[in-house]
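Predicted, not measured: the structure shown is a model, and the values here were computed from it. For ligands, and for the atoms within them, numbers begin at 1 and follow the listed sequence.
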Amino acid sequence: MDKGKFATKAVHSGQHPDPSTGAVSVPIYASSTFVFQNAEQGAARFAGKETGYIYSRLGNPTVRALEESIAALEGAEDARASASGMAAISTAAMAICKSSDHILAGDALYGGTHKVFTDILKGYGVGCTLVDTSDLAAVEKAIKPNTKLIYIETPSNPLMKLTDMKAIAKIAKAHGITTVADNTFMSPYLQRPIEHGVDVVVHSITKSLSGHSDVVGGAIVGTKAFLKAMDPMYKNMGATLGPFEAWLTLRGIKTLHVRMQRQTESAEKIAKWLEDHPKVEWVKYPGLKSHPQHTLAKRQMDGFGSMMSFEVKGGVEAGRKVMNNVKLCGLAVSLGAVETLICHPPTMTHAVVPKEDRIKAGISDGLVRFSVGIEDIDDIIADLDQALAKA
Ligand SMILES: *Cc1c(COP(=O)(O)O)cnc(C)c1O
């Protein structure tokens, strides 16, 4: 996509001046309910015969602006904002799968998603098979007659393994299966799964979209028909986002392209620097020529992103020393924001994933995940350098 056009959408899509006051910034409509002009109007709104707001769990003007913004950035018909990324993922999955249906999902899932798919939904009769979705033959083979959902994270967290979205969408379509992609890692600035044939995109807007580590929220993006079919689940299970979080995210999105451009630029340089460092065993970053799917990365992404993982020579102990000695980089989970963060997936983000599944997926005990922020790159490298010297 033309990045100039993307930049304009990031600043303006959904974010129209307030019609009643002319306010440039979308107001925070902190109102749980909305007054009807008369009983007939209230009835017409509930019947869906007239558009307009009723009650904020069902729709709110600030939240609506965010939904329009995210839909425009993903190149989708529409979107729904939710209280968290996990609310988005579980709502989408529960709208697609009913009792006795089956989910086919990547084997290196986000920890919360792993829990919902392999444990919680099992209690409601939904089966799940985890498979390496970068292996197309394995995906084909794992499809069952009752498979309703193929769920992918590309690049995967934290191994940065890519899934060929076009190929997966083609396989899914041939079997009448809905494809859902978690696009949290890349953000729509770097990757738009719908352009590759994926049906539904889910986001943790907690990460790059809000971008300032001050929001927990999510989004479900897709066709109007899909979202309409999902609405009873979304509205009645109560996954709705609040207007203040929506506003913070709208504010963050205005600089998404600027932040992601800088973060990606710095990440590329840091990944190369780490790869050449004598204390580093390996680095996984799609922008490195050593990444086995570098060519696919160039084909389906507009940039290589701000995320990488690496292993310090000396395994768990050495990795722990690096994490305990960084001064500028924050030792915290979450990612994609302006602050550089470092974390240990095996004991943190993926602690809920059984060790057996984790090791099978390649998430070794010594793996460190790194999210590059917008600080001065020389300062980030200097911080890593002094921490690696102590490992
Ligand atoms: C953080 C994250 C989630 C969960 O989002 P929450 O906002 O914490 O609920 C899901 N998927 C990925 C890839 C994430 O990074």
Q: Locate the shortest heavy-atom distance separating M160 from L162; write the atom from each residue and the value.
A: O-CD1, 3.6 Å

Q.
Evaluate S204 for polar contact with ligand 1, using N/O atom pairs at a separation under 3.5 Å.
A. yes

Q) Taking all atoms of both residues into account, what is the closest heavy-atom pair of G14 and V26, and its distance? A) O-CG2, 4.3 Å

**Q.** Enumerated ligand 1 atoms positioned under 4.0 Å from heavy atoms of I89
**A.** 10 (C)

Q.
In this structure, is the centre-to-centre distance between the rings of F304 and H294 below 6.0 Å?
A. yes

Q.
Side chain, backbone, both or neither: which applies to L335 and ligand 1 if a contact is any heavy-atom pair less than 4.0 Å apart?
A. side chain

Q) D231 pairs by salt bridge (Lys or Arg N to Asp or Glu O under 4.0 Å) with which of R80, R57, K224? A) R80

Q | Identity and separation of the nearest protein heavy atom to atom 6 (P) of ligand 1 | A | G85 N, 3.3 Å

Q: Within a distance under 4.0 Å of any heavy atom of D182, pick out the atoms of ligand 1 and give their elements.
A: 10 (C), 11 (N), 12 (C), 13 (C)

Q. Taking only heavy atoms of G217, which atoms of ligand 1 are found under 4.0 Å from at least one of them?
A. 7 (O)

Q | Parallel, tilted or perpendicular, as decided by the 30° and 60° cut-offs, for the rings of Y151 and F117 | A | perpendicular

**Q.** Residue, atom name and distance, where the atom is the protein heavy atom closest to atom 15 (O) of ligand 1
**A.** K207 NZ, 2.7 Å

**Q.** Identity and separation of the nearest protein heavy atom to atom 8 (O) of ligand 1
**A.** Y110 OH, 3.8 Å

Q. So is there a nitrogen or oxygen of V216 less than 3.5 Å from a nitrogen or oxygen in ligand 1?
A. no

Q. With under 30° as parallel and over 60° as perpendicular, where do the rings of F34 and Y53 fit, or are they tilted in between?
A. tilted

Q) Which is it for E77 and T223 under the side chain to side chain donor-acceptor pair (under 3.5 Å) test, yes or no, and what are the steps along the way? A) CA-CA 5 Å; E77 283 180 16; T223 61; 4.9 Å; no

Q | Protein contact of atom 9 (O) of ligand 1 - nearest heavy atom, named by residue and atom, plus distance | A | M86 N, 2.8 Å

